[in-house]
Structures are given as C-alpha cells and as structure tokens.
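Given the structure is predicted, the values throughout are model-derived calculations rather than measurements.
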2 protein chains.
Amino acid sequence: MPASRASVRKIAEPTVRRLSHYLRYLEAFERAGRGTVSSGELAHSGGTTSAQVRKDLSFFGSFGKRGLGYDTHELVAKLRQILGLDRAWRLVIVGAGKIGSALARHPGFRGRGFEVVGIFDADPNRVGHVLGGVAVWDVKVLESEIRHLRADIAVLAVPPEEAQTIATRLGRAGVHAILDFSTAPLEVPAGVTVRSVDLALELEVLSHALVSR
Amino acid sequence: MPASRASVRKIAEPTVRRLSHYLRYLEAFERAGRGTVSSGELAHSGGTTSAQVRKDLSFFGSFGKRGLGYDTHELVAKLRQILGLDRAWRLVIVGAGKIGSALARHPGFRGRGFEVVGIFDADPNRVGHVLGGVAVWDVKVLESEIRHLRADIAVLAVPPEEAQTIATRLGRAGVHAILDFSTAPLEVPAGVTVRSVDLALELEVLSHALVSR
DNA sequence: TCCTGTGAAATTCTTCACAGCC
DNA sequence: GGCTGTGAAGAATTTCACAGGA
C-alpha cells in the first residue's frame with residue numbers, strides 16, 4: 001500500500017516530529033556525500049532507537065536495502081514528500097514586534113522552503129517599512145492582502161489579548177495553519193491547525209527538570 | 001504518599017506540559033476572582049478531558065473538593081511547587097543575534113519568575129552593550145561569569161556550528177538546563193537537561209498537516 | 001446534584017526479536 | 001555479516017465508569 005502521490009496518510013504527531021528530525025540529519029549525511037544511511041545512524045543522531053526509526057519509515061512502504069541501509073537521496077525525497085516539503089509554502093507574519101521582526105529577518109525559513117511573503121502590524125509607525133525584504137502591511141487589510149499574497153501559513157506574534165481575533169480573521173481569510181507565539185488558548189474553526197510555541201512553558205519544563213533531579 | 005517538600009517526583013514530560021498549561025489558565029481564573037475551578041473547566045481551556053486533568057492532579061495527592069472543584073489559590077500554589085516555580089531562576093542568554101536579543105528584551109520571562117541576568121556574544125561590537133537592561137559579555141568569559149552570576153538556566157541562541165562547543169562549556173560551568181534554539185543535535189553530559197525549540201520543525205509539522213487533511 | 005478520586009479497560013506507542021535479503 | 005521489515009510482546013498513556021463525599 002504505497003502512498004499515492006498527493007494524499008499522505010494520517011500520522012501521529014510525535015512520529016511527524018521524528019520524521020522531520022530524520023530529514024534534518026539525512027540532509028547532513030547527504031551533504032557529507034553519504035550514499036546510504038542505516039537506521040542505527042539515524043537513531044543515534046536523533047536520540048531514538050533503530051527499531052523506532054525502522055517502524056516510522058516502514059509506515060510508508062519499504063525502501064531500505066537489507067544489509068545496506070537507506071538510500072540517502074531517495075529517503076530525503078520520500079520524507080520531503082510525506083512532510084509536504086516538495087513544494088514551497090507562503091508564510092505571513094502577523095505582528096512586527098520583537099519576535100515577529102526577528103522571525104522576518106530569520107534566514108533559515110526560506111532555506112527550508114518557507115517563504116515570508118508579507119508582514120502585518122497595527123502600529124502605523126511600522127506599516128510601510130520593509131523587514132527582511134518584505135513589506136509591512138496594515139493589519140486592517142489582513143484578509144484581502146492574505147488572499148492576494150496566496151499565503152498558506154500564518155505566524156501569529158501578537159499580544160495575547162489580540163490573538164483570538166486575529167486567529168479568527170486568519171481562518172476567514174483561508175489560512176489553514178497557524179504557528180502561534182502568543183500564549184493565549186486559541187479557538188479555531190475545524191480545518192485550521194495550530195501549533196503553539198510557548199517559551200515560558202519550555203522554561204517551566206526545564207524548571208521542573210531542575211527540581212526533580 | 002504526598003510529595004514531601006523539596007524533591008518532586010519524576011513525571012512524564014507530556015504531563016509536565018499539561019500542568020504548566022493548567023497553571024496558566026488557573027492564573028487567569030485567579031485574576032478573574034474565581035475561588036474554585038472544576039476539572040472540566042480546566043480541561044476545556046487546555047484542550048483535554050476532565051478525566052485527564054483529574055488523573056494528572058491526583059498524581060500528587062487529592063486536594064480537590066467533591067461537588068465543588070479545586071481551590072484556585074491552593075492549586076496554583078501546588079502547581080508552582082511541583083514545577084519548581086516557587087523560587088526565581090537565573091537565566092543567561094548565549095548569542096545576542098536576532099533571536100537572542102529578541103528574547104533578552106522579552107518582558108514575559110521576568111513576569112513568570114525567570115530573570116535574565118547576563119548575555120554573551122562573540123562579536124566585539126556587541127560586547128559591552130546593554131540589552132533589555134542586561135549587560136552583554138564576551139563569550140570568552142562564559143564559564144567564570146556564569147558562576148559569578150549564579151545562572152541556573154542557559155538559552156542557547158548561537159549558530160548551529162557553535163552550539164555543541166557552547167553546550168559543553170555550559171555544562172562545565174555548572175548549568176544543568178539549556179533551552180536550545182540552534183537546530184544542531186546536542187550531546188550533553190548526564191545531569192544536563194536540554195529542550196530544543198526548532199521553528200523550522202514546527203513549520204514542517206504544519207506543512208504535514210496541510211498536505212494530509 | 002455536582003464533581004472528585006481511582007481501579008479497570010482500552011488504546012496508543014515503543015521495544016523485542018527474528019526471519020529474510022543483500 | 002550487516003541491516004531491514006514486521007508480527008508479537010511490553011510499556012505507557014488515556015479514557016471509561018462509577019463509588020463516594022460536599
């Protein structure tokens with residue numbers, strides 16, 4: 001049952017994260033000129049076990065060679081396809097504050113197929129400026145401009161009290177994926193995926209680790 | 001078997017994350033003047049089930065009141081203790097680039113008990129400046145200054161190729177917790193906890209969600 | 001009646017272990 | 001010999017469901 005071209009089967013989120021990890025390491029192996037990689041090597045770089053790697057990959061069919069490992073190029077291409085990275089995604093950033101503008105200038109996104117095509121802010125002093133080569137628009141024109149820019153994904157970097165309003169507007173504008181840096185709980189319509197990055201929460205996990213050693 | 005004062009039992013990471021979430025919402029309830037909160041309400045704000053909330057909390061003893069719910073203040077205090085937030089943590093940021101300096105100026109940390117006490121960078125043009133009220137030190141004096149500042153947690157915001165070196169030096173300087181923004185795989189000595197925040201990876205999870213709908 | 005605390009069941013995720021192929 | 005693919009076992013986590021206190 002090999003996955004047919006477009007639609008990719010539903011995978012558990014921890015698995016998706018591992019696949020993304022594997023891809024990262026595979027690309028490093030690829031740059032190093034390695035033709036094949038074994039599940040053990042992938043496991044070592046990613047902090048899992050070889051059995052886990054094989055299980056994760058076997059989910060999509062078998063493209064390893066016994067006794068050898070996986071063909072680096074082939075596996076990279078396959079993972080890109082599974083993760084939807086065989087196309088470019090168009091990103092907008094909402095909120096040109098500290099985090100938003102740091103992200104706008106972050107060069108790492110474009111390199112991985114995520115192109116920032118627009119930035120929005122409510123502050124008239126910021127509107128019209130250019131950040132990282134991208135124009136800052138007034139958030140008033142969010143919906144129309146997002147359609148115009150054909151954005152797929154939005155990065156939400158606004159104060160918590162505005163997050164819900166913007167998220168709702170993003171949903172209406174046809175954005176189906178949001179990377180949320182506000183710490184507010186968001187309610188979004190079905191069909192919109194939200195991933196939250198909460199730095200205070202990450203610090204709290206570390207805090208717990210420190211006291212529970 | 002109620003947890004005794006200082007040492008807190010080992011909990012699975014997903015549980016810790018949920019506890020942190022609960023705390024966030026509880027604080028909102030507290031500000032709204034709510035004396036008690038039910039597991040159902042906590043579950044709703046956090047996107048889980050009431051049974052999950054009760055299981056998570058019952059792990060530390062029973063401090064809910066049947067028919068009523070949990071005492072807001074009491075539960076806030078308890079969660080703070082479990083998460084190690086009943087004390088202040090001293091944070092250093094290594095790397096005063098885009099992400100590092102955005103974090104240094106981020107007001108949300110101090111508000112939640114994490115105080116940025118020092119910043120380090122290798123660029124002489126940045127050394128000696130002040131970011132968000134905190135001095136930028138030369139990374140050459142990392143070890144001695146970290147001991148001097150009595151830092152508990154380090155935020156690693158350096159280029160990937162330097163991440164391992166710095167992580168090793170942080171370990172030697174007595175830092176037991178690292179929040180890592182570089183995307184390199186880190187090897188750290190036992191006793192050092194690392195949490196990685198990888199924005200490209202988060203975007204890839206969203207990408208996968210978009211193609212697998 | 002409302003809501004907690006918790007064994008038991010169900011489900012999900014991970015590891016084991018080995019047959020099979022290069 | 002080395003390494004994949006995978007059923008089966010095992011572990012961990014989540015959900016169910018209900019007894020019992022406010």
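Counting to the nearest Å, the C1' atom of C/dT15 and the CG atom of A/Asp56 are 13 Å from each other. Going from atom CZ of A/Arg18 over to atom C1' of C/dT15 covers 12 Å, rounded to whole Å. Rounded to whole Å, atom P of C/dT14 lies 12 Å from atom CZ of A/Phe59. Remark: P of C/dC22 and NZ of A/Lys65 are 10 Å apart, rounded to the nearest angstrom. Distance, B/Leu57 CG to C/dC3 C1': 13 Å, rounded to whole Å. Regarding B/Leu68, its CG atom lies at a distance of 15 Å from the C1' atom of C/dG5, rounded to whole Å. Atoms CZ (B/Phe60) and P (C/dG5) sit 13 Å apart, rounded to a whole Å. Atom NE2 in B/His44 sits about 15 Å away from atom P in C/dC3, given to the nearest Å.
At a threshold of 4.5 Å between non-hydrogen side-chain atoms, the residues B/Val117 and B/Val134 do not count as touching. At a threshold of 4.5 Å between non-hydrogen side-chain atoms, the residues A/Trp89 and B/Val211 count as touching.
When the side-chain nitrogen and oxygen atoms of B/Tyr70 are compared with OP1 and OP2 of C/dG5, one or more of them lie within a distance under 4.0 Å. Between C/dT4 and B/Ser39, a contact under 4.0 Å exists linking OP1 or OP2 to a side-chain N or O.
At a cut-off of 3.5 Å, with distance as the only test, no side-chain donor of A/Ser45 or A/Glu41 sits close to an acceptor on the other residue.
Between B/Phe109 and B/His106, the ring planes are perpendicular. Angles over 60° get that label, and only those under 30° would be called parallel.
A salt bridge links A/Arg17 with B/Glu202: at least one charged nitrogen is closer than 4.0 Å to a carboxylate oxygen. Salt-bridge annotation for B/Arg80 and B/Glu27: present, with a side-chain N of the basic residue lying under 4.0 Å from a carboxylate O of the acidic one.
The footprint of chain A on DNA chain D, defined by a heavy-atom cutoff below 4.0 Å, extends from D/dG2 to D/dA8.
Residues A/Thr15 and A/Gly67 each lie close to DNA chain C; by heavy-atom proximity, the contact nearer the 5' end of the strand is made by A/Thr15.
A side-chain contact (heavy atoms from CB on, under 4.5 Å) with B/Leu156 holds for exactly one of B/Val197, B/Leu186, B/Leu179; it is B/Leu186.
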